[in-house]
Amino acid sequence: MLDISFIRQNAEIVKTAMINKGEKDATVVDKVLKTDTEWRQTVHKLDSLRKSNNDTAKQISVLMREGKKEQAQEYIKQTGAMKAEIKELEEKEKQLNAERGNLLLRIPNVPHESVPVGLTEKENEEVYRHGELLEADYIKPHWELAKEFSWIDFERGVKVTGAGFPFYVGSAARLQRSMINYFIDKALERGYTELQAPYFVNEDSARGTGQIPDKEDMMYTVPRDEFFLIPTAEVPVSNFHRNEIFEEKELPKNYVCYTPCWRREAGSYGKDVRGLNRLHQFDKVELVKFVKPEESYNELEKLREDAEHLLQELGLTYRRLLMCTGDMGFTQSKKYDLEVWSPGQKRWLEVSSCSNFESFQARRMMVRYRNEKGDTEMLHTLNGSGLALPRVMAAVLETYQQPSGKVEIPKVLRPYWGDKDYL
RNA sequence: GGAGAGAUGGCUGAGUGGUCGAAAGCGGCACCCUGCUAAGGUGUUGAACCCUUCCCGGGUUCCGAGGGUUCGAAUCCCUCUCUCUCCGCCA
């Protein structure tokens, strides 16, 4: 959610941002301003009416104490009309405020000036590439390796739950667990605080990070208890500090949190969902930052480096994309995607996206800090995957397979394997 | 799951219809005292929103959430949520 006073002063900037993000029409900006004006007028009227009502009540109180009953009765009679009008205005204010809120929720975050303008993924900029595009005849896609070694059991996953809920068996299970530990350990070295979070959240939390209204269909629900299964740790971790005010010296707050993630992914099929490419349940280590506004872009680069460092140490080939305005999402002001090279599939797989939300999420969740002047101010939030496991696993299996057929264990993971060399 | 108690400011806790946004204490901040520390003294210290806007200032709302009664509600009534204690169950 954008700051309404920012919109008042920068209506054209906001409209341009909307169009650049792919919205067909930006008239909602005019609508919100119109509703806002009306709302403020109503609030003003309501407040002054309430004041005179309060004043009257005070006078009555004085008269009652002095025993001047008749005079008090006169005042009481007067309040009748006022009360009716207050009630009417309250209704109007409530309705206008709700409308204003709904309109506000439809306005996306404004992209940072460094973000390329464009509507499709073609306009994303590849700003960095690391490693070589591995090519060899013996390289198989990970699902073939997984089948050969019985590492991932998709069929039994279907039997037990359904498509997109595989079992990891033996070495694959251990590989995944060792990567989770490695990711978390690295984050701890870099100053993040580890968090273990609930896997279900309530409606307020889902609303806080913007899953509802809008992206409700991505989440699994627990209807009887009115919970949502988290689609990412971003939801519980960002909401961890919902409705809180930090002291300036407490910032930045950096959290690392491993959770499974559940996504309904309705309508996906084809090569996108082959093997580990897209699942309904997957593991992810998430990084979340709460920072002072003036530091957020610097922190975004740090976050991105923290995620990239993992890929480098794992010895995987990857590229960094700076997402264009139309491909970066509603809530982001700047976003990088990290894509790892899958030599078995000869394609790039997204394993992380690192985003700065500026105050867009914070405003919704009312996460603030007290600045030097002592005023409360919205802080900035950022998050990024560090990293999403299944696609990293796919890339590791494919990249580290040997002509002999065996799969080598990346050096940084060997401490988690009793220094074994091969899976 | 059954029975009972409760929810007030950063924390503890008073307040059962009228100058209560809320006593007191603790904590925080500022200043004073002191060679330093400790102790002490004085003052200050919630949030959202509206108006004004250089600053100052004025106003409304908020005592778990939502509704109701009343000229007036932290205080009375209704609904919901959560917490605690005991019993049951349990990794």
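Chain A is the first sequence line, chain B the second, and so forth, proteins listed ahead of strands; every chain is numbered from 1.
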Would you measure the distance from the P atom in B:rU75 across to the matching atom in B:rC62 and give it in whole Å? 10 Å

Rounding to an integer number of angstrom, what distance separates B:rU37 and B:rA30 when you compare their P atoms? 14 Å

Heavy atom of residues 52-62 of chain A under 4.0 Å from RNA chain B: which residues? A:Asn54, A:Ala57, A:Ile60, A:Ser61

Taking a pair as Watson-Crick or G-U wobble with both distances under 3.5 Å, which nucleotide is matched to B:rU53? none

Can a donor-acceptor pair be found between the side chains of A:Tyr297 and A:His380 at a distance below 3.5 Å? no

Starting at the 5' end of RNA chain B and moving along, which residue's nearest nucleotide shows up first, A:Tyr75 or A:Glu377? A:Glu377

Look through every strand shown and name the nucleotide pairing with B:rC86 as Watson-Crick or G-U wobble, where both distances are under 3.5 Å. B:rG2

Base, sugar-phosphate or nothing for A:Ser48? Non-hydrogen atoms, less than 4.0 Å. nothing

Let me know, please, whether A:Arg368 or A:Val43 comes out on the 5' side of the other along RNA chain B by nearest nucleotide. A:Arg368

Rounded at 0.5 Å granularity, tell me how far NZ in A:Lys292 sits from CD in A:Glu250. 12.0 Å

Please determine if A:Glu12 and A:Lys15 form a salt bridge, counting it only when a charged side-chain N lies under 4.0 Å from a carboxylate O. yes

Answer yes when A:Glu74 and A:Lys77 have at least one side-chain N-carboxylate O distance shorter than 4.0 Å, and no when they do not. yes

Determine whether the side chains of A:Gln176 and A:Asp283 contain a donor N or O and an acceptor N or O closer than 3.5 Å. yes

Paired nucleotide for B:rC63 [Watson-Crick or G-U wobble; both distances under 3.5 Å]: none

Need the pair for B:rU69. Rule: Watson-Crick or G-U wobble, both distances under 3.5 Å, any strand; none if unpaired. none

Is A:Met82 touching bases, backbone alone, or none of the nucleic acid, heavy atoms closer than 4.0 Å? nothing

Can we say A:Glu313 and A:Lys186 salt-bridge, meaning some charged N sits less than 4.0 Å from an Asp/Glu carboxylate O? yes

Rounding to an integer number of angstrom, what distance separates B:rC11 and B:rG27 when you compare their P atoms? 15 Å

Are A:Lys284 and A:Glu234 ion-paired here, with the side-chain N under 4.0 Å from a carboxylate O? no

Tell me which nucleotide, if any, is Watson-Crick or G-U wobble paired with B:rA7 when both distances must be under 3.5 Å. B:rU81

Please report the interatomic distance CZ(A:Arg40) to CZ(A:Arg8), rounded to the nearest 0.5 Å. 3.5 Å

Can you name the nearest heavy-atom pair linking A:Leu105 to A:Phe330, along with the distance? O-CZ, 3.2 Å

If you measure from the C1' atom in B:rC63 to the same atom in B:rC56, how many Å do you get, rounded? 30 Å

Pairing partner (Watson-Crick or G-U wobble, both distances under 3.5 angstrom) of B:rU16: none

Suppose you measure atom P in B:rU61 against the same atom in B:rG21; what distance do you get, rounded to whole Å? 10 Å

Could you work out the separation of B:rG15 and B:rG9 based on their P atoms and round it to a whole Å? 16 Å

Range on RNA chain B touched by chain A, heavy atoms, distance below 4.0 Å: B:rG18 to B:rG72

Using a 4.0 Å heavy-atom cut-off, does A:Lys373 contact any base of the nucleic acid, only the sugar-phosphate backbone, or nothing at all? nothing

In Watson-Crick or G-U wobble terms, both distances under 3.5 Å, what is the partner of B:rU42? B:rA30

Identify the two heavy atoms, one from A:Val110 and one from A:Ser333, that lie closest to each other, and give their separation to 0.1 Å. O-CB, 3.3 Å

Could you tell me how far B:rA65 sits from B:rG6 if I compare only their C1' atoms? Round to whole Å. 16 Å

If I pick the P atom on B:rC50 and the same atom on B:rC80, what distance separates them, to the nearest angstrom? 35 Å

